Amino acid sequence: MTIGLQDGTRADPATRVIDVAAERSRTAGTAGRHYFNAAGAGLVSDGVLEAVVAHLRREQRVGGYEAANEAADDVAAVYTSAAALLGARADEIALFDSATSGLRGVFDALRLGAGDTVIAPRSSYVSQALRLLAMQRHDDVRLVVVPNDASGAMDLEVLERAVAGASGRVVVSAVHVPTSSGLVEPIAEVSAIARRHGAWTVVDATQSVGQIDIDVTAVDCDALVTTGRKFLRGPRGTGLAYLRRGTLEGLGAWAPDVRGAVWTGEDEWTMDGTARQLETWECSVASRLGLGVALREALDRGPAATEAHLVALGSRIRAALAEIDGVTVADPPASPSAIVTFTVDGLVGKEVSTRLRTRRIDSIAVPASHAQWDLGTRGLPSVVRVSPHVYNDDEDVRVLLDGVAEVATEARS
Ligand SMILES: Cc1ncc(COP(=O)(O)O)c(C=O)c1O
């Protein structure tokens, strides 16, 4: 089941048309529902499911270690596919069980302490923001939260001043697409500013990989982390990170694990020089194989074509929602992603989402507690988030828009 991709290569005609009917026919979850929660967890394809289940069956039959040995080529292909998708090398990829564990691994390894600085955007995700706040509180790391410009994205002039004036070792904890809006942050510009001043850039691309075409060489970041289950459409409990070769030079994993370290003597060990030094030995091989299938499907579909399709779909939904009485689109101007957020007059987000679910429409409410620096500052207790993927057809969109209009009308009466 290995694929013939070389590290960092991919064939990706941006003009390729996404075959929505074919995507639906290989995604059982599209039957009978109108699923708009890819930003929560995208629907996995039948092929992803089969890969996971087949490996679990094999583990039951021959044992976990033996099944892993049999699947060694397919596991290796997960790294190659991830590298191909991101424009990286396979040895710059580490696999995790979530984006959060990937971000933890990277930030732990950077070993920031008193006098060092982390700079973050207002679009930071709750778990990363809390991690940075905890570093500020417990480790005396200086935290700078950069305000937005008029477009709603990170103000690059303020960022440049913050990086230039920062003390100690400096890390920009960047976000590509947040959990709380369709914003797309200018990560290449953010990275370029950081690099000009000798700072590191770690990108949280959890909501963008699988949705937006990313080439880490063009972005020029030091690390980039994502989850498997969202726009990549992998199984839950998977995540991956790109770690540029040499980033951890002289540092090494904060918590060496037998996966990436060799215990060579009484008090000596050596580290695997690759990104895998951040991994742990134990993992769900079945889930990783499922992630491998999802990555191959993303590559086959074409990252640039997928981006064009999803961005157009998001814009179409956003524009149509804006026309509905009692509905206010909550996305800031710099929001061309497939994530669309809105509010309905008179109803909290959770109530809107619950009412949509009775119409077999899956959306989610994002509370301010998941994005205090964004929704909290904008005075929004919650927003409703819809996030389509390539398996959503015109009928799904029609049902969604009618459903939201009905809910808005109910709220007024
Ligand atoms: C922008 C962003 N970053 C990070 C995360 C955390 O991902 P995970 O749940 O895989 O740790 C999320 C989850 O929703 C997210 O939206």
Side-chain angles (χ1 to χ4, degrees), residues 36-42 44 82 94-108 118 120-133 145 152-154 172-187 190 201-212 214 221 223-242 278-280 283-284 287-288 290-291 294-295 314 330-332 334-335 337-341 349 353 362-376 382-387 389:
F36 286 94
N37 193 18
V44 298
L95 299 179
F96 295 95
D97 56 12
S98 69
T100 302
S101 57
L103 283 164
R104 276 190 192 158
V106 173
F107 272 82
D108 284 347
V118 180
R122 300 214 68 88
S123 56
S124 300
Y125 181 67
V126 46
S127 306
Q128 180 64 0
L130 292 175
R131 168 76 202 271
L132 301 183
L133 287 165
V145 182
M154 197 184 206
V172 179
S173 171
V175 174
H176 196 191
V177 173
T179 204
S180 48
S181 81
L183 175 69
V184 180
E185 295 273 19
I187 49 169
V190 168
T201 305
V202 179
V203 180
D204 174 359
T206 303
Q207 292 292 5
S208 58
V209 176
Q211 175 189 179
I212 295 178
I214 300 173
C221 53
L224 181 141
V225 181
T226 190
T227 203
R229 75 180 180 282
K230 297 180 186 288
F231 286 92
L232 267 179
R233 303 179 58 198
R236 293 201 66 175
T238 57
L240 62 93
Y242 154 78
L278 300 184
E279 295 182 352
T280 52
C283 66
S284 164
S287 299
R288 288 191 176 174
L291 176 65
L295 286 162
D331 293 326
S335 296
S337 94
I339 293 179
V340 181
T341 59
S353 191
D362 295 294
S363 65
I364 206 150
V366 182
S369 60
H370 284 198
Q372 281 296 358
W373 293 344
D374 175 20
L375 298 181
S382 64
V383 290
V384 187
R385 183 181 70 193
V386 291
S387 43
H389 212 310

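Only heavy atoms go into these numbers, but all of them, side chains included; no hydrogens, no water, no symmetry mates. When a ligand or atom number is given, it counts from 1 through the structure's own listing order. A quick note: this is a predicted structure, and the numbers were derived from the prediction, not measured. The chain is numbered in sequence order, starting from 1.
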*Give a yes-or-no answer on whether the side chains of Ser173 and Gln128 include a donor-acceptor pair shorter than 3.5 Å.*
yes
*Any side-chain donor paired with an acceptor under 3.5 Å for Ser353 and Ser363?*
yes
*How about Val172 and Val190: do any of their side-chain heavy atoms sit closer than 4.5 Å?*
yes
*Would you say the side-chain atoms of Asp374 and Ser123 include a donor-acceptor pair closer than 3.5 Å?*
no
*Parallel under 30°, tilted from 30 to 60°, perpendicular over 60°: which one fits the rings of Phe231 and His389?*
tilted
*Please check if atom CZ in Arg104 has more than 12 non-hydrogen atoms from other residues, nucleotides or ligands closer than 6.0 Å.*
no
Pick out the protein N or O atoms lying less than 3.5 Å from any N or O of ligand 1, and list each pair with its distance.
unit_1: ligand 1; atom_1: 3 (N); unit_2: Asp204; atom_2: OD1; d: 3.2
unit_1: ligand 1; atom_1: 3 (N); unit_2: Asp204; atom_2: OD2; d: 2.6
unit_1: ligand 1; atom_1: 3 (N); unit_2: Thr206; atom_2: OG1; d: 3.4
unit_1: ligand 1; atom_1: 9 (O); unit_2: Arg229; atom_2: NH1; d: 3.3
unit_1: ligand 1; atom_1: 9 (O); unit_2: Arg229; atom_2: NH2; d: 2.9
unit_1: ligand 1; atom_1: 10 (O); unit_2: Ala99; atom_2: N; d: 3.0
unit_1: ligand 1; atom_1: 10 (O); unit_2: Thr227; atom_2: OG1; d: 2.6
unit_1: ligand 1; atom_1: 10 (O); unit_2: Arg229; atom_2: NH1; d: 2.8
unit_1: ligand 1; atom_1: 11 (O); unit_2: Ala99; atom_2: N; d: 3.4
unit_1: ligand 1; atom_1: 11 (O); unit_2: Thr100; atom_2: N; d: 2.8
unit_1: ligand 1; atom_1: 11 (O); unit_2: Thr100; atom_2: OG1; d: 2.5
unit_1: ligand 1; atom_1: 14 (O); unit_2: Lys230; atom_2: NZ; d: 3.0
unit_1: ligand 1; atom_1: 16 (O); unit_2: Thr179; atom_2: OG1; d: 3.2
unit_1: ligand 1; atom_1: 16 (O); unit_2: Gln207; atom_2: NE2; d: 2.9

